[in-house]
Structures are given as C-alpha cells and as structure tokens.
Chemist: 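Take a look at this one; I'll ask things after.
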Amino acid sequence: MQTNHPFTYQIPEKFQDFLRVGMRVVVEFGNGNRKIQGFVTGLTDEYSGEHQLKSVIDVLDLNPVLSDEAMAMADWLTQRTFAFKIRCLQVMLPNAMRASYRKTLKLTGKIKDPALAALFNEQSEIEFNPQKLASTQLNQIEKLRKANQVEIVYHVDDRAKSKFVWAFKAQMSVKELQTVKKTLRKNAVKQKRLLDFLITNHEQEFVQSDVTRENNFTANDLKTAAEKGWITRYQIEKYRNPYQVDQVQPSTSKKLTAEQAHATDAVDQAINEAQAATFLLEGVTGSGKTEVYLQIIQHALAQGKSALMLVPEISLTPQIVRQFKARFGDQVALLHSALSDGERYDEWRRIENGDAQVVVGARSAIFAPIKNLGVIIMDEEHETSYKQEDMPRYHARDVAQWRGKYHHCPVVLGSATPSLESRARAQKGVYQWLRLTKRINGKALPQVQLVDMRQAGRYAPTTDISQELATEIQKKLALNEQVVLMLNRRGYSSFLMCRECGEVIKCPNCDISLTYHKDTNSLKCHYCGHEEPVPQVCPNCHSKAVRYFGTGTQRVEKELTELFPNVRILRMDVDTTRRKGAHERILDEFGKHHADILLGTQMIAKGLDFPNVTLVGVLNADTSLGLPDFRASERTFQLLTQVSGRAGRAEKEGNVLIQTYNPDHYAIQYARRQDYEHFFAKEMHVRHQGGYPPYYYTVQITASARKETDAAQKMFQIRGEIVNYLSQNAVILGPTPQSIMRINNRYYYQLVIKYKNEPQLENYLQNLLLTSQKEERNGLQIVIDRDPMNFI
DNA sequence: AGCACGCCGACT
DNA sequence: GTCGGCGTGCTC
C-alpha cells in the first residue's frame, strides 16, 4: 500500500521521442537503487514536486504493450476490486512479459577468504541468492561490499522473447529468372531446380525450413540464391503452436432450430447496432448453445469484428477447442493455464497483432489485447472459477461487461443453470433473456433416479456404492456400455452429518451448516460466530452415527475393483491430472473405450460428450449441500444438473443415479427433475428470507495475522468503525474466524457486510486500505473482497 | 518487497 | 567501543 501510487522519473533524451503510456521500463528504485520493471502510466513536461528524480534506465518495448483500453481497464479494476494498481496492470499481460528479477555479485577487488573464493570459483560475477547462503557468508559479503570489494548488480530480465524463422520469396520477376536459368552451367542441376521452383511458385512466401526439407535444398543454396538476388530472405516471427489439434476437419454452420435462430438473430442485431447489451442465453443441456455461439462469432467476423469466448478452465478441453478450430481455423487464439509461458506469450502476440480474431480462453483471457471487439461470450456463466481468488479479485463477468461498454458490443452469458444473480437480472429486464428449451436431438432429458443412502446403508455392498448403483453398473458393463461416476469433493469433511437420517448440524441463528473444527473439537458458524461442542448423538434422530463427511476417489476405486474384478477404471482427480496434458489423455483413453468406468471429481461434470456413456452415477450428492455457504444449494443443483446431462448424449438412452442422504432436499429434488425454473423460484425465496444475493450485495473483509488476537481485534475495530458509515438497512455478519482458521501459522478472521445501497461504504473501504498500511508492518493483512464467491 | 538506518543488548 | 539482531520508515 505504501508504494501503491505512481512514481515520477526523468526521461533521458534518447527515449524522449518514443516513450509512451503503456510501455514497460526499467527504473532504479529504493535506497539500494535496485532495478525493477515499471509501467509508464502518464507523461508530463514538467515536474514541480520536491523529489529528486531518478532517470529511466531502459525501455523494454518499442510500442506500448498496454493499450489505452488496458490502462483504463486497470484504473477501473483498481477501484472496483480494492487491488494495487501494479497488480491490475500486470494481470493484463502474459506472464512472460513480467520481468524476472535477478541479483548478481560482481567482483571488483581481490578475495582472500578461501571459502568465498570457492563461492566465486574463478568467476568474476556470480548469481546472488541470499536465501541460499549461510549467515556467516552473508556477513562476509556485506563486509566486502562496504570495502568496495564486491558489488551487487540488479538485473531485470524481459522473458518475452519471440521466436524467429527464416523465410524467403522470389525477388526477380519470372522473366528475369528465366534469363538467369539460361546462363547457368549445364551441370548446375540444383540451381536450375531452384529456379524452376521459384518460377512455378512465384509471389509465394516460404518458410525456409519447410522448403529445404521437402524439396531437398540446403540452407546454403538459398543463401547463395539471395546473394545472387534471385530471392529475398528475411526473418518472420514464428508462433509456437499450442494444442496441436491434429488437422481438424473444417466444419460449416449447421441449420438452426427456431429457438437457436431467434437467439442468434437477437445478438447479431446488437452486434450490427454496436449495442452494449447483456444477453442471458439460458439453454438446457443439449440444446445447442455452442452452435449459437459459433454462429454469433461468425456474424461478428463477417462484420469485420473480432470475438472473445470465455470458457471455464475445467472445460477448456480439446473437444471444445476442436469445435472452434474447425469453424474458424487459424483465426483462433487459445489462452489457458496449461500453456507454457512462451506459448501463452505467442498467442498473446497473435491477438495483439490482429492475426487472431477469435480468442478462446479461461478467466484471464478476458484481458486479451483484442481490438475491435464485436461480441464477448461467456459460457457456463454460473461457474465460480470466473472469479479470481487473489488480487485483483475480479469477476470475469464484470470485466466482460466493462469491455462490452468500452467496445459498444454485446455480452452473451450462457448457461443451462444460470447463476441466480444473472437470472434475476434477466427477469427484471436488465439483461435480455434468450431461451433454448428444446434439445437438438428431440430426446427427453435422461431419467434421474435417487438412491436414499439412509436406507441403502444397511445392505450396500460397500461404503460408497449402494446396491442399486452396483446393479445398474453391472447391467451397463454387460452391454459393453460405459459408466461415469462422480465423487463430489466439495466441502470435503468439513461438516457433520448423521448417517442415519441425513441431518446436517446447522447454526440456530443462520440456518447455515456449522463447520467442524478439529483443533477445538467443536462446531462453529462462520457467519455469526456461534459455537457449540460436537454432539455425541444426532439432535434429530438420536443415532450415534454422526460423522464428518468425506471420501476419496482412491477408496472408491478400490471398492469398485472389489465389486467388479475385471473392470477397467480410469481415475480423474487432482492427483491424476496434475501433469500437463494428463486431463486430455485420460478423456481420450475413455473416449476410445479403453476403460469402462470413468471415476472422477467435479471436473468430469463439464462439457464431456461420450456417446457410449449410458450411466452416470453421483456417489455423494450431499457434500456440497453441507457447505457453510448460502450458495450451497445453488452449487449442488448446478453440479447435479450438469453431470446428469452427461448420460445418453447420442442414440442410446441414458440414465442417472444420484446417491444422497437428503433425497427430500429441494436442490436434489429439482435437480432430479432437471427443473431449473422451480429451483430458481424456490431458491430466490430462500435468498429473500435470508437477505442474501441477489437481493443484497456482499463485501467480505478478512484480516490475518500471526497472533490470533491481532486479527480478531482488528476485525472488531473495523466492525466498530463501519457501523458509523452504514444505514439501518445494512447487515454486518461477524467477525468470525474462518473455517481453515490457521494457514501457514496465520490466523484469519472475516466479516461480511450485506447491503443494498450504502453510498458511504465505498469510501470507507478505500480508506480502510490506506489506513491499514501501518499495521501491515506488524504482519497484519487486510483483504477486501467484493461479491465473494467463497465464504469459507 | 527490499533496503538502510538506528536503537539496544551482548560481548571484547 | 563494536557487532549484530530487529523494528521502523521510505521508496520519485
């Protein structure tokens, strides 16, 4: 916070002509004059402040890497998310363009100490990494530095390096080449061949390595050809090609249903009229949302505009990518986390240069340097992964709407199960509401059956698999069809549930599940701070089977192999997908039917499309219901609806089995019927009662410190202050300790404010950031999160 | 984040 | 009188 403002530097004469806002520079900073990377945020002819100005050391760019739009967006983001400006600027750029800082030790005198001499090992400059050195060594180095024997040198490395390749093109005219050909020696076969090649392929540009390989020329042949003036050779930028999607078959527009056509037309019209409108495209699974997206993008391209398509990280699978590449070919640029820094940088450059007009990517792709935007599409709009969980804590949806306004282009939010916030806005007419109610193949949604685990528990073959599910799996295996099993890992073992009656222990004040704290063996409410000891018996049915809840994919896998000894199982969870491309490989294996059962966590719920899958089983629907979060029902409903959509995508009928301890819960009941509308109505009622979004806005303030009392005290102090700035209508929840109260020996306390219209709040919060800087020295950290997604 | 400075206790 | 640890303030 102390450095969260611009610093003024003098521009040396040599940079004065071309230095512009949005460029990266290297400057000296601080007492030690270490070199750091900075961004030019403004230029002025005069300086009247009292500071002694330092000079810009170096300029890293020939052209601004941050456009005017990016600069404006960073300003807005800083305000909106209570983040540091520098973080907002950095989030706009690919990692590779963020400098890496290095320190080296440079020898300027003679070293006598043998230990230090060994460290230098005859070299005059070595890497300097204070953490890796013993304190005695550091002391010696410090002495040497004071005696001017060694010097610490700071480096700023720009890691953004483009790859270049040689290319060439005929320089002489066809006629000239033919005359040259006649003057050649009789036995100059190769040169003749080259000339023929140039004559037949006149006007074309070639990459040298392609030609030498395919036509048996050498690099030297081309070099001499260039010297003789037959061709010109030059370097062109080569982009690394991520996701080598093996030669996709180009696809063409499919015929739209009436509903699809209506939706497409509405957005197309907004594109034509350059309207910054937001659309909510609500379409049941299998209603052909993707084709609508594709045609909208097509339309934008036809208008000479570009398009930005956001997809949740988890569903950015080759299957999805292939669909876009098939329709738009090389115009597509892909941005997602599995890319290496180099690949990401190349894609970024392609977008910036205008070589790619369609950007497909996950959350951070919303900042892609795309120009002339015609439309922004956000698929699976309700996904919580669109919210970044660290600074700057932005929601891609908000950024999308900001950019929509800036570019005067529509924003399309698509989902089968929209977030309550979006759906409520659509209903109010803030968003334009487009609906796809029918499935493309005309098939009914798959049959969903609930298995009541309270009953099933007594005769189930294993802890996690009921008799019903086991029988159903057996049937499908006999038919040589495939099965997807999902283990809901959300809320893993953090709440208490009765195995007999399904009762989840809730807070008497908040109607939110209590969270189990192992350290104190107690239950705490993270909303109001209520605390009670862990009950010995269930308060509802007095059974002793009160457990905290949780299970792992490994255990289920073991159970499955016991039940079905010869079955081939693929496991997909964070453990098996950590390596690059693993995700893809597992899905590919399963698609080729190299396995009968795919067992995984949430990640299998999204966007997979396997025609041979006829059974989807959900092992534990309840875990996400028990989360101490007012969005628990919404998340559970969304997850179950989504995973149910995975069954019977093609010719074969599919069915879905959901194992649950709460078969009567409305989220599960409505998910069973795939009934979003009734779920929405019911959940809106619940939110209204509790005073939660979308009826109220929320802001979460978190304090953390080494000492628990420091964090708690600060939060109570903030609470005391904040009441003076709030009206009667606002509600303050907490302060309460967070469920994982201690992470890395830091204690976390939080406070949530629910409000509708509080003009003073914004000011208070901005001010809080400023004033909390003093305490930050003592290790106290304050984080403000607007519209938080996680309350845990 | 990272550096320097200054205060203070420990040690020569 | 000196060294080193640690808290505090500053960075154009």
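None of these values were measured; they are calculated from a predicted model. So that the names make sense, note that chain A is the first sequence line, chain B the second, and so on, each numbered from 1.
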Chemist: NA contact type, A:Gln52, heavy-atom cut-off 4.0 Å: base, sugar-phosphate, or nothing?
Modeler: sugar-phosphate

Chemist: For DNA chain B, which residues of residues 25-36 of chain A approach it to below 4.0 angstrom with any heavy atom?
Modeler: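 Those residues are A:Asn31, A:Gly32, A:Arg34.
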
Chemist: For A:Lys85 and C:dT11, what is the distance between atoms NZ and P respectively, to the nearest whole Å?
Modeler: 20 Å

Chemist: Check the distance between B:dA1's C1' and A:His5's NE2 and give it to me in whole angstrom.
Modeler: 14 Å

Chemist: Is the A:Phe29 ring parallel, tilted or perpendicular to the A:Phe7 ring (thresholds 30°, 60°)?
Modeler: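 Plane angle over 60°, so perpendicular.
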
Chemist: Does one side chain, of A:Glu721 or A:Gln717, offer a donor that lies under 3.5 Å from an acceptor on the other?
Modeler: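 Side chains of A:Glu721 and A:Gln717: pair found under 3.5 Å.
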
Chemist: C:dT11 P sits how many Å from A:Ile86 CD1, rounded?
Modeler: 17 Å

Chemist: What's the shortest heavy-atom distance between A:Leu373 and A:His407, and which atoms?
Modeler: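 That closest heavy-atom pairing would be N-ND1, 3.4 Å.
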
Chemist: Take the angle between the ring planes of A:Trp402 and A:Tyr406 and call it parallel below 30°, perpendicular above 60°, tilted in between.
Modeler: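 A:Trp402 vs A:Tyr406 ring planes: parallel.
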
Chemist: So A:Tyr755 and A:Tyr697, would you call those rings parallel, tilted or perpendicular, with 30° and 60° as cut-offs?
Modeler: tilted

Chemist: Where do A:Pro693 and A:Glu421 come nearest, in terms of heavy atoms and distance?
Modeler: CB-OE2, 3.7 Å

Chemist: Could you check how far CZ of A:Phe7 sits from C1' of B:dG2, rounded to whole Å?
Modeler: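 Between C1' of B:dG2 and CZ of A:Phe7: 13 Å.
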
Chemist: What is the distance, to the nearest angstrom, from the NZ atom on A:Lys54 to the C1' atom on C:dC10?
Modeler: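 Nearest whole value for this atom pair: 10 Å.
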
Chemist: Within this structure, what is the CG-to-P distance between A:Asn4 and B:dA1, rounded to whole angstrom?
Modeler: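 My rounded result for the distance is 15 Å.
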
Chemist: Return the value, rounded to whole Å, for the distance between atom CZ of A:Phe84 and atom C1' of C:dT11.
Modeler: 15 Å

